[in-house]
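One structure below.
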Number of protein chains: 2
Amino acid sequence: MPGQVTLSDVAREAGVSLATASRALNGSANRTVGEELRKRVHVAASRLRYSPDGIAQAMARGRTTTLGLVVHDIADPYFSAVAAGVAAAATAGGLSVTLAVTGDDPRREAEVVHQMERQRARAVVLAGGRSGDPEADEALRAAIASFRGIGGAVAVVGRDGLGVDTVVVPNRDGAADLARALHGRGYRRFAVLAGPEQHAAAAERAAGFTSALDALGATVPAPLVLHSPFTRDGGHEAMSRLLAGEGRDVDLVFAVGDVMAVGALTAAREAGVSVPEDLGLAGFDDIPALRDVTPGLTTVRLPLDQIGAEATRLVLQAGEEPVLAPVASEVVLRESTPGR
Amino acid sequence: MPGQVTLSDVAREAGVSLATASRALNGSANRTVGEELRKRVHVAASRLRYSPDGIAQAMARGRTTTLGLVVHDIADPYFSAVAAGVAAAATAGGLSVTLAVTGDDPRREAEVVHQMERQRARAVVLAGGRSGDPEADEALRAAIASFRGIGGAVAVVGRDGLGVDTVVVPNRDGAADLARALHGRGYRRFAVLAGPEQHAAAAERAAGFTSALDALGATVPAPLVLHSPFTRDGGHEAMSRLLAGEGRDVDLVFAVGDVMAVGALTAAREAGVSVPEDLGLAGFDDIPALRDVTPGLTTVRLPLDQIGAEATRLVLQAGEEPVLAPVASEVVLRESTPGR
DNA sequence: TTGTATGCGTTATCAG
DNA sequence: CTGATAACGCATACAA
């Protein structure tokens, strides 16, 4: 029954002291262990099938090698792409990733951060838009402060005002670029599927889009704005609502996320409205798994995996002052907006 | 500076012994602590902002509350859906999830299992098809055996022969059902994008499809079989190859995974072949994020999140004998196979 | 019901 | 270079 095998067993087997065994297998600071003994210890360890107890190591060292990753929904391709970047960077940095999903409940965020604190995680990466619930937001702040109090590092992606390392997603500028590009293709009467009102990233995208349009002058009427959940179904619902109501004369719909956009696409199809012939459609994120929809979706590309990797890098370097790391976005024009 | 606060501090602050403080805050077996003292301890704990050290607890208790989740690629919607199920069930069961991604390297699987053993994880859920590399497979077996040696539970999904709790995915039967359904719609000349030759789940799907076809009699010629990576690009490549070569008279293409199918769909489009007019197309998995592609993809639905949840449940109950938990699949006919 | 004392498996400190 | 031994923070048998 291996696994019950402790370092003491190895030491005894090798005929050395516990301390020497520890040093031989781990060689931390004073890594000077005689070649002779060193070999004996290693042989003994593998003969006994010794597996170091990470918990005990963490305890003795006073620190873990755990990075906490907090997402709303790991099944959402946005988060899973970011998670992939985090996982890769964490592995490269010798950290293991503890995944925490918060679902829809904004209070869960503070909860899981506290949980990470109890686990004594080295760092936490918070992906996901702001909750909008001020109470939950305050609780999150407190949880973060507490976590930093024990020496934990925190980075967030696409969400500001938390006073920690932040990967800044160009929601506003990206949406503005998109608006100008679409205007350049001749679209004039816009609608925005803006997601939930409190969702910060969604709001920034909607605002960036709208104000860029506004800056283009009087030829462009203010866009219709519809709110709905930031999900596939939310996009479907909002598009249905649009087409059933005052959306008749709209010539382009901007959904603030690709996931919403594909829902909207299906809703349009179900309503007998053809994209792109009758209506242009654009999204945001350029989710890899969605690149094969038809028609190809015009969108704003975000380097999702790089964002995750960058957040991880931030959290590993973790200086005193919070740093803002901007990422670039790029408008990708595809068949869903051929122009008119 | 909270976090440095230890249970001893709380005990002192409350004027009780360490043991009483421990029992008051945790109340496990002998949960009998006087209401008076109990309250005093809690007050002291919150006043001092005490955060229990999970590492120390794990050490003292001799067990952790960690579940390891092993996937090839968390960005793959198949795995992220399963991961969502695992995360939900684990949270419900009071476990935290450590995510490990293995990428393409089959040897990483054994490695991460060993890592989970060092972390003294309570359990490991292994998602993902077999590697095919016999050496890596053997290493994985050994790692699993070792992990079980320390009392760890293991469950795998969609991969057999490991002698552990298994969520059995009906690859063979699901594909056979699909074959019959498609035959029923009039398709006769089939091609199979079968994924990598060594990929077990892919092979089972291909085999189930092919042999069901075979059982249907002489009117159905043996399908063309093409191998390529089990990815979007793999599907794209195989479809391109098919259409450029002997695939001219095929009337239905079965890709053994939805992810491959969407790649194939795009390849067909690029080749000027229209789906479903010129060619029917079917996939497998019914990945949620892909349900909005056009035309809607005929596929075999797998309850991915339930699969993850079930695997987690298995691993938490963990009896002596390995149990096989079957899941149901369902053919979903959509526009990509209208029949002919 | 409460307190005392021990042990969990390692690392690290401090002598030899 | 190597070996005792003291932490690490908590849970728990044992004693009172």
Side-chain angles (χ1 to χ4, degrees), chain A residues 1-42 44-45 48-65 117-122 150-151, chain B residues 1-42 44-45 48-65 117-122 150-151:
Chain A
M1 193 186 295
Q4 316 285 45
V5 178
T6 144
L7 187 56
S8 303
D9 299 327
V10 175
R12 189 177 328 117
E13 175 83 3
V16 301
S17 78
L18 184 60
T20 298
S22 174
R23 290 189 279 245
L25 292 178
N26 233 308
S28 51
N30 294 357
R31 44 152 310 177
T32 40
V33 173
E35 190 52 34
E36 164 68 16
L37 289 189
R38 175 180 173 69
K39 178 168 286 180
R40 281 224 311 264
V41 172
H42 277 270
L48 263 41
R49 286 184 167 61
Y50 169 68
S51 167
D53 186 326
I55 299 297
Q57 291 182 317
M59 171 108 186
R61 289 175 178 151
R63 64 198 152 78
T64 64
T65 64
E117 178 179 348
R118 285 198 298 273
Q119 271 185 232
R120 298 299 186 259
R122 257 289 249 290
I150 67 164
Chain B
M1 193 187 291
Q4 317 286 43
V5 179
T6 141
L7 188 55
S8 304
D9 299 328
V10 175
R12 189 177 327 118
E13 175 82 3
V16 302
S17 77
L18 184 61
T20 298
S22 173
R23 291 189 278 245
L25 293 178
N26 235 308
S28 49
N30 293 358
R31 44 150 309 175
T32 40
V33 172
E35 189 53 33
E36 164 69 16
L37 290 189
R38 175 179 174 68
K39 178 168 286 180
R40 280 225 311 263
V41 172
H42 277 271
L48 264 39
R49 285 183 165 63
Y50 170 67
S51 166
D53 186 325
I55 299 296
Q57 291 184 316
M59 171 107 188
R61 290 177 177 147
R63 63 198 154 78
T64 64
T65 64
E117 177 178 349
R118 285 198 298 273
Q119 271 185 232
R120 298 299 187 259
R122 263 276 252 296
I150 66 164

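Treat the numbers as computed from the prediction; the structure is a model and nothing was measured. Order of the sequence lines fixes the chain letters, A, B, ..., with proteins taken first and strands second; residue numbering starts at 1 for each chain.
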Practice prompt. Looking only at side-chain atoms of A/Tyr50, point me to the closest of C/dT4, C/dT10, C/dT11.
Written response: C/dT10
Worksheet, complete the sentence: Quick note, B/Ala19 side chain, CB onward, closest among D/dT12, C/dT10, C/dT2 is D/dT12
How long is the line joining [atom1] of [X] and [atom2] of [N], in whole Å?
X        : N      : atom1 : atom2 : value
A/Leu7   : C/dT11 : CG    : C1'   : 10 Å
B/Arg23  : D/dC14 : CZ    : P     : 14 Å
B/Gln119 : C/dT10 : CD    : C1'   : 16 Å
B/Arg63  : D/dC10 : CZ    : P     : 16 Å
B/Arg118 : C/dT10 : CZ    : P     : 12 Å
B/Arg61  : D/dA13 : CZ    : C1'   : 16 Å
A/Asp53  : C/dG9  : CG    : P     : 7 Å
A/Ile55  : D/dC10 : CD1   : C1'   : 13 Å

Practice prompt. Keeping the roles fixed (side chain from B/Arg61, backbone from B/Ala58), state whether a donor-acceptor pair exists under 3.5 Å.
Written response: no
Item to complete: Could you tell me whether a side-chain N or O of A/Arg122 sits under 3.5 Å from a main-chain N or O of A/Thr65, the two making a donor and an acceptor?
Response: no
Could you tell me which non-hydrogen atom of [X] sits nearest to which non-hydrogen atom of [Y], and how far apart they are?
X       : Y       : answer
A/Arg38 : A/Val33 : N-CG1, 3.9 Å
B/Asp9  : B/Gln4  : OD2-O, 3.9 Å
A/Val41 : A/Ala14 : CA-CB, 3.9 Å

Worksheet item: Mind checking what makes salt bridge (Lys or Arg N to Asp or Glu O under 4.0 Å) contact with B/Glu36, not counting sequence neighbours?
Response: B/Arg40
Practice prompt. With sequence neighbours excluded, tell me which residues meet side chain to side chain donor-acceptor pair (under 3.5 Å) with B/Thr20.
Written response: B/Ser17
Can you see if the side chain of [X] gets near the phosphate of [N] - specifically, an N or O under 4.0 Å from OP1 or OP2?
X       : N      : result
A/Asn26 : C/dT11 : yes
A/Thr20 : D/dG3  : yes
B/Ser22 : D/dT12 : no
A/Gln57 : C/dT11 : yes
B/Thr32 : C/dT1  : yes

Worksheet item: Closest nucleotide of DNA chain C for B/Ala21 versus for B/Ala60: which of these residues is on the 5' side?
Response: B/Ala21
Worksheet item: Considering heavy-atom distances to DNA chain C, does A/Met59 or B/Gly15 have its closest nucleotide positioned more toward the 5' end?
Response: B/Gly15
[X] near the nucleic acid: base, sugar-phosphate alone, or nothing, with a heavy-atom cut-off under 4.0 Å?
X       : value
A/Leu18 : base
B/Gly34 : sugar-phosphate
A/Leu37 : sugar-phosphate

Worksheet entry | Closest-nucleotide 5' rank along DNA chain D - winner of B/Ala56 and A/Ser17 | A/Ser17
Item to complete: Take the C1' atoms of the five end pairs on each side of the helix from C/dT1-D/dA16 to C/dG16-D/dC1, derive the two axes, and give their angle rounded to 10 degrees.
Response: 40°
Worksheet item: Between the base of D/dG9 and the side chain of A/Arg120, is there a donor-acceptor distance below 3.5 Å?
Response: no
Worksheet item: side-chain contact (heavy atoms from CB on, under 4.5 Å) between B/Val5 and B/Glu13: does it pass, once the steps are laid out?
Response: CA-CA 11 Å; B/Val5 179; B/Glu13 175 82 3; over 6 Å; no
